[in-house]
Amino acid sequence: MLWLGFGEMMRSGGGRPTERSGSRQTDGVSMIQVRSLRRTYGDVPAVDGISFDVAEGEIFGLVGPNGAGKTTTIECLEGLRRPSSGTVSVLGMDPSAERRAVTERIGVQLQESALPARLRVEEALTLFGSFYRRHLKVDSLLELLSLSEKRTTAFAKLSGGQKQRLFIALALVNEPEMVFLDELTTGLDPQARRSMWGLVRQIRDRGCTVVLTTHYMEEAERLCDRVMIVDRGRIVAMDTPGALINSLGADTRIVFGAPGQDVSSLSRLTAVTRVERSDGDIIVYGHGDRFASSVIHALEDAEIVFTDFRTEQPDLEDVFLSLTGKEMRE
Ligand SMILES: Nc1ncnc2c1ncn2[C@@H]1O[C@H](COP(=O)(O)OP(=O)(O)OP(=O)(O)O)[C@@H](O)[C@H]1O
Ligand SMILES: [Mg+2]
């Protein structure tokens, strides 16, 4: 477990910064530029030559199987890890060389974090705020993350989701221009996850660029302007969620129940590419405007009784699985 930020700040800064670095401008478009980034741990290339840009005001998502190199990539952007080779520019600066200046202007939510058990929520926010020249009021952060009722609760007594929200509040404490959220909604309940999406959009609407990782493809699809899919340290695809889904050219699925009935006639329809049985359901794959209507007509003509008829469009999860395979990684 990491002692989030505090130890790092103490080592790198030696006290409060003297100035919020604002003199250096980006080119107005790219907030992050990564070129041929490689980071190895011993002989293992965790990140193996990736290049990408993130534009101002984007919500940019990194997705990929466990061990794909997402956290390592983000840590290189945050200045927490030095690249083995390649270049990284964040807000026009090299985060390894200009760590203090970058830290002042970014927010960081680490994948694994801990705070001292007895530190209370508001104390944590005040403490972290004190590291920065510019910081948000504790009250507004508590409100933003729905933590007002937990103001005086000790860290150890927060639920998993409340801890997560506290870490996001801490990432926002310095009103950053860019925020890195590693596994934004892991451990949150469905309501909290959705409200977190609203919060991320709110953060972006305030002018903050957002880089996040997630294992929830629905989240990446709904929330991110662009998504980068990484696998084994390399980029396998990068585009808007819509373009990624279209590029797959995947079939629409029609799913229904028809226990004990012969549906083989469906395979002969021109709009249908294949028919499968799965867990008692029939899954028909196909495409085109007349796909669903031709299947319904064929079922009626053959007097097949069907239940729970539904169509499912291809989604980002289909893209993810088709590009990264279905086997679990180490
Ligand atoms: N401190 C470390 N020392 C040695 N190897 C490491 C270290 N951190 C990560 N690795 C290795 O680097 C690779 C990439 O890890 P990383 O944490 O970047 O993956 P990730 O995409 O964030 O995975 P997850 O989805 O599980 O969080 C993995 O093979 C991992 O075992
Ligand atoms: Mg990770």
Side-chain angles (χ1 to χ4, degrees), residues 1-5 7-8 11-12 32 34-52 54 59-88 90 95-96 99 106-114 160-161 163-165 167-168 170-171 178-188 193 196 200 210-221 223-224 226-239 241 244 316-317 319-330:
M1 294 290 252
L2 291 164
W3 195 155
L4 181 141
E8 295 292 345
R11 274 197 295 282
S12 67
I32 294 175
V34 176
R35 297 290 176 267
S36 308
L37 173 65
R38 261 177 71 83
R39 176 60 160 92
T40 52
Y41 296 109
D43 290 341
V44 182
V47 177
D48 198 8
I50 65 172
S51 302
F52 63 94
V54 178
I59 301 178
F60 185 81
L62 272 78
V63 304
N66 290 138
K70 304 177 295 296
T71 295
T72 304
T73 302
I74 287 205
E75 287 176 345
C76 290
L77 298 175
E78 294 162 345
L80 295 174
R81 286 200 194 279
R82 198 173 277 278
S84 304
S85 63
T87 58
V88 172
V90 173
S96 305
R99 176 87 183 281
I106 66 170
V108 173
Q109 177 220 347
L110 299 177
Q111 182 174 359
E112 288 181 47
S113 317
K163 285 179 182 159
Q164 183 86 335
R165 278 187 266 154
F167 288 124
I168 292 168
L170 293 173
M178 185 182 298
V179 70
F180 295 94
L181 305 168
D182 199 356
E183 302 213 0
L184 169 71
T185 61
T186 300
L188 296 187
R193 175 166 301 138
M196 204 54 78
V200 169
V210 180
V211 176
L212 60 87
T213 75
T214 179
H215 285 295
Y216 300 101
M217 293 306 121
E218 185 198 1
E219 179 167 290
E221 189 177 330
L223 191 55
C224 296
R226 280 191 310 139
V227 172
M228 179 168 107
I229 303 178
V230 287
D231 195 10
R232 298 188 172 97
R234 296 182 177 209
I235 299 174
V236 292
M238 178 165 53
D239 214 324
L244 288 172
L316 198 60
E317 185 143 334
V319 178
F320 182 83
L321 292 173
S322 93
L323 291 176
T324 62
K326 292 185 179 172
E327 294 82 33
M328 192 157 71
R329 297 297 149 79
E330 66 265 8

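Each ligand, and each atom within it, is numbered from 1 in the order the structure gives. Quick caveat: nothing in here was measured; it's all calculated off a predicted structure. Basis for what follows: all heavy atoms, side chains included, without hydrogens, waters or symmetry-related copies.
Near A46, with a cut-off below 4.0 Å to any heavy atom, the atoms of ligand 1 are 12 (O), 13 (C), 14 (C). Heavy-atom proximity to A68, at under 4.0 Å, picks out these atoms of ligand 1: 19 (O), 20 (P), 21 (O). Ligand 1 places these atoms under 4.0 Å from at least one heavy atom of H215: 25 (O).
No donor-acceptor pair closer than 3.5 Å links the side chain of E78 to the backbone N or O of V108. The main-chain N or O of S36 is found under 3.5 Å from a side-chain atom of S51 such that the two form a donor-acceptor pair. Here the side chain of S84 pairs a donor or acceptor atom with the backbone of T40 at under 3.5 angstrom.
Ion pair D48/R38 flagged as a salt bridge, since at least one NZ, NE, NH1 or NH2 atom sits closer than 4.0 Å to an Asp/Glu carboxylate oxygen.
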Practice item. List the steps, then state whether salt bridge (Lys or Arg N to Asp or Glu O under 4.0 Å) holds for K70 with D182. Key: CA-CA 8 Å; K70 304 177 295 296; D182 199 356; over 6 Å; no

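Checked against a 3.5 angstrom limit, the closest N/O atoms of G64 and ligand 1 fall outside it.
Between atom CZ of residue R81 and atom CD of residue E75 there is a gap of 4.5 Å, rounded to the nearest 0.5 Å.
Distances from ligand 1 to the non-hydrogen atoms of E183 include at least one value under 4.0 Å. Between R81 and ligand 1 there is a heavy-atom distance shorter than 4.0 Å.
Among the atoms of N66, no N, O or S atom is found under 2.8 Å from the Mg ion (ligand 2).
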